[in-house]
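Contents: one structure, followed by commentary.
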Amino acid sequence: MPVWDIARRPPGEQFGYWREVICQAFVPLDPAPNAETPDFASRVETRPLGALNRAEIRSRRQRTAHGPREVRRGEAAYYFVNLQLAGRCRVRQGRAESVVEPGGFTVVDTTEPYWFDFPQDWRMLSFRVPHATLAARLPDPLHGTGRAIGGAGGLGGVVTSLMRALWELDEPAGAVELEESLASVVALALGGVADAAPAPRAATRAAVLRHVAAHLGDPRLSVGSVCRRFAISSRQLHRLFADQERSFAATVRAMRLERCARLIADPATTASITEIGARHGFADPASFSRAFRRHFGTPPREVRQARKVADGS
């Protein structure tokens with residue numbers, strides 16, 4: 001089980017090493033110390049459990065950002081369920097902002113920015129859950145994230161007790177069932193549902209579409225890249241769109257064509273039609289023109305020409 005003991009490094013190297021460790025063990029993060037100190041003694045221990053990753057973290061006062069830049073750098077999508085064991089954590093995601101006291105927990109979604117502020121030295125258990133496992137149980141991907149949930153009783157107490165118990169377990173044969181149990185009780189504590197049918201869920205599909213919309217001009221956008229981002233298989237991805245009018249591939253193609261059409265019609269756009277198509281996955285101008293005509297009933301040059309006429313040019 002990997003253990004990173006930052007205190008073993010010389011004091012001048014500790015904070016830089018801490019930054020490397022948390023990005024390797026979790027997701028891209030940007031930490032900043034809350035106070036000038038010659039050392040940054042910290043410790044991270046991780047333990048796998050099926051598709052979960054469990055971690056115990058001890059560290060110094062700091063602010064930690066998973067901002068827009070870090071979101072873009074992330075290679076996969078997760079939720080983190082963070083149980084505060086010592087110290088306070090101010091957490092912000094979306095419109096939610098709260099303070100997590102020792103014994104309470106919060107959940108954050110790595111597909112959107114979030115920020116932590118630790119005003120004291122702190123310790124927590126942090127469980128990384130595949131995005132699809134929890135999103136399928138929530139009304140929308142950010143439902144309840146960034147909110148402090150007490151662990152003294154009720155569903156919050158069930159979550160914190162289960163997290164403490166799971167941390168102590170060696171990886172058992174029933175790891176998948178335990179992973180599902182954790183996702184179920186966390187979802188209930190957030191106001192979602194316990195059980196997720198194997199059918200596609202609108203929440204996960206919405207998160208995928210949001211990711212696709214943000215990367216339409218990225219030539220690396222593909223089934224593989226989306227599956228890595230959301231920690232799902234290609235079969236699961238295609239099932240998300242099985243009850244929709246278009247398949248995943250057809251949806252991405254339509255979104256790219258619609259983005260191209262907006263750019264071609266935009267008076268502020270100086271790029272040529274060929275350049276616009278190439279930037280959105282249509283390397284061959286003739287193929288782009290045919291696809292555009294099939295989708296809109298008119299070729300792209302007529303859209304550009306209509307713009308010029310409207311501009312009086």
Side-chain angles (χ1 to χ4, degrees), residues 1-49 51-94 97-102 105-131 145-146 148 163 167 211 214-215 218 220 225 228-229 231:
M1 294 173 287
V3 177
W4 293 271
D5 190 348
I6 280 75
R8 294 183 178 179
R9 294 294 183 97
E13 298 178 7
Q14 287 177 8
F15 183 75
Y17 184 47
W18 166 252
R19 181 191 296 272
E20 293 177 16
V21 166
I22 59 176
C23 291
Q24 178 180 343
F26 304 106
V27 290
L29 295 165
D30 184 18
N34 266 356
E36 291 187 9
T37 176
D39 70 84
F40 207 80
S42 304
R43 185 180 185 275
V44 177
E45 178 180 353
T46 62
R47 302 175 182 176
L49 180 66
L52 295 178
N53 188 57
R54 301 167 291 169
E56 183 185 44
I57 314 161
R58 305 167 186 257
S59 192
R60 300 292 200 189
R61 293 179 288 170
Q62 65 191 269
R63 297 176 302 280
T64 304
H66 180 71
R69 180 180 61 182
E70 288 73 37
V71 171
R72 290 192 296 270
R73 287 170 49 206
E75 295 181 355
Y78 303 100
Y79 287 92
F80 281 98
V81 185
N82 293 339
L83 168 57
Q84 201 73 24
L85 299 176
R88 293 186 178 91
C89 175
R90 181 176 295 277
V91 58
R92 175 164 61 93
Q93 181 161 59
E97 183 171 353
S98 60
V99 176
V100 188
E101 302 284 349
F105 74 96
T106 191
V107 179
V108 290
D109 178 351
T110 68
T111 67
E112 296 290 341
Y114 60 82
W115 292 265
F116 294 145
D117 185 2
F118 300 96
Q120 306 109 13
D121 292 356
W122 55 279
R123 183 164 66 95
M124 70 163 53
L125 289 180
S126 181
F127 285 18
R128 189 182 71 190
V129 182
H131 196 275
T145 64
M163 289 182 70
W167 171 250
H211 172 75
H215 294 83
D218 187 345
R220 296 170 297 180
S225 70
R228 287 191 297 273
R229 177 70 173 167

Working to the nearest 0.5 angstrom, can you tell me the gap between [X] [atom1] and [Y] [atom2]?
X    : Y    : atom1 : atom2 : result
M163 : L125 : CE    : CG    : 5.5 Å
R90  : F116 : CZ    : CZ    : 13.5 Å
T106 : Y114 : OG1   : OH    : 10.5 Å
F127 : N53  : CZ    : CG    : 9.5 Å
L83  : I57  : CG    : CD1   : 11.0 Å
C89  : Q120 : SG    : CD    : 10.5 Å

Whether W115 side chain and T64 backbone form a donor-acceptor pair below 3.5 Å =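 Flag not set: sc W115 to bb T64 has no pair under 3.5 Å.
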
Just by modelled atom types, is the D109 backbone N or O under 3.5 Å from a matching donor or acceptor in the T111 side chain?
->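 Side chain of T111 to backbone of D109: no pair is present.
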
Answer whether the closest heavy-atom distance between the side chains of [X] and [Y] falls below 4.5 Å.
X   : Y    : answer
V27 : E70  : no
Y17 : W4   : yes
R61 : D121 : yes
H66 : V71  : yes

Can N82 and Q84 be said to form a side chain to side chain contact (heavy atoms under 4.5 Å, CB included), step by step?
-> CA-CA 6 Å; N82 293 339; Q84 201 73 24; 5.6 Å; no

Where do [X] and [Y] come nearest, in terms of heavy atoms and distance?
X    : Y   : value
L49  : R54 : CB-NE, 3.6 Å
F118 : N34 : O-ND2, 3.0 Å
G146 : Q93 : CA-CB, 4.3 Å
R9   : Q14 : O-NE2, 2.8 Å
A55  : T46 : CB-CG2, 3.9 Å
Q62  : W18 : OE1-NE1, 3.1 Å

Should the ring pair F26 and F80 be called parallel, tilted or perpendicular, given that the plane angle runs from 0 to 90° and is split at 30 and 60?
->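 Taking F80 first and then F26, their aromatic rings stand perpendicular (interplane angle over 60°).
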
Applying salt bridge (charged side-chain N to carboxylate O under 4.0 Å, His left out), run through D30 and R19 and close with a yes or a no.
-> CA-CA 7 Å; D30 184 18; R19 181 191 296 272; 2.7 Å; yes

Please check if atom CZ in R88 has more than 12 non-hydrogen atoms from other residues, nucleotides or ligands closer than 6.0 Å.
->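 12 or below, so no.
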
May I ask you to check if R128 and Y78 form a cation-pi contact, with NZ or CZ under 6.0 angstrom from the six-membered ring centre and within 45° of the axis?
->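 Yes.
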
Within 45° cone of W167 ring axis and under 6.0 Å: R47 NZ or CZ |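 Yes, R47 lies over the aromatic ring of W167.
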
Given side chain to side chain contact (heavy atoms under 4.5 Å, CB included), test V21 with I6 step by step and report yes or no.
-> CA-CA 9 Å; V21 166; I6 280 75; 4.1 Å; yes

Could you pull out all residues at least two apart from R8 that satisfy salt bridge (Lys or Arg N to Asp or Glu O under 4.0 Å)?
->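 Counting only residues at least two positions away or on another chain, R8 forms a salt bridge (Lys or Arg N to Asp or Glu O under 4.0 Å) with D5.
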
Step by step, would you call R92 with D117 a salt bridge (charged side-chain N to carboxylate O under 4.0 Å, His left out)?
-> CA-CA 9 Å; R92 175 164 61 93; D117 185 2; over 6 Å; no

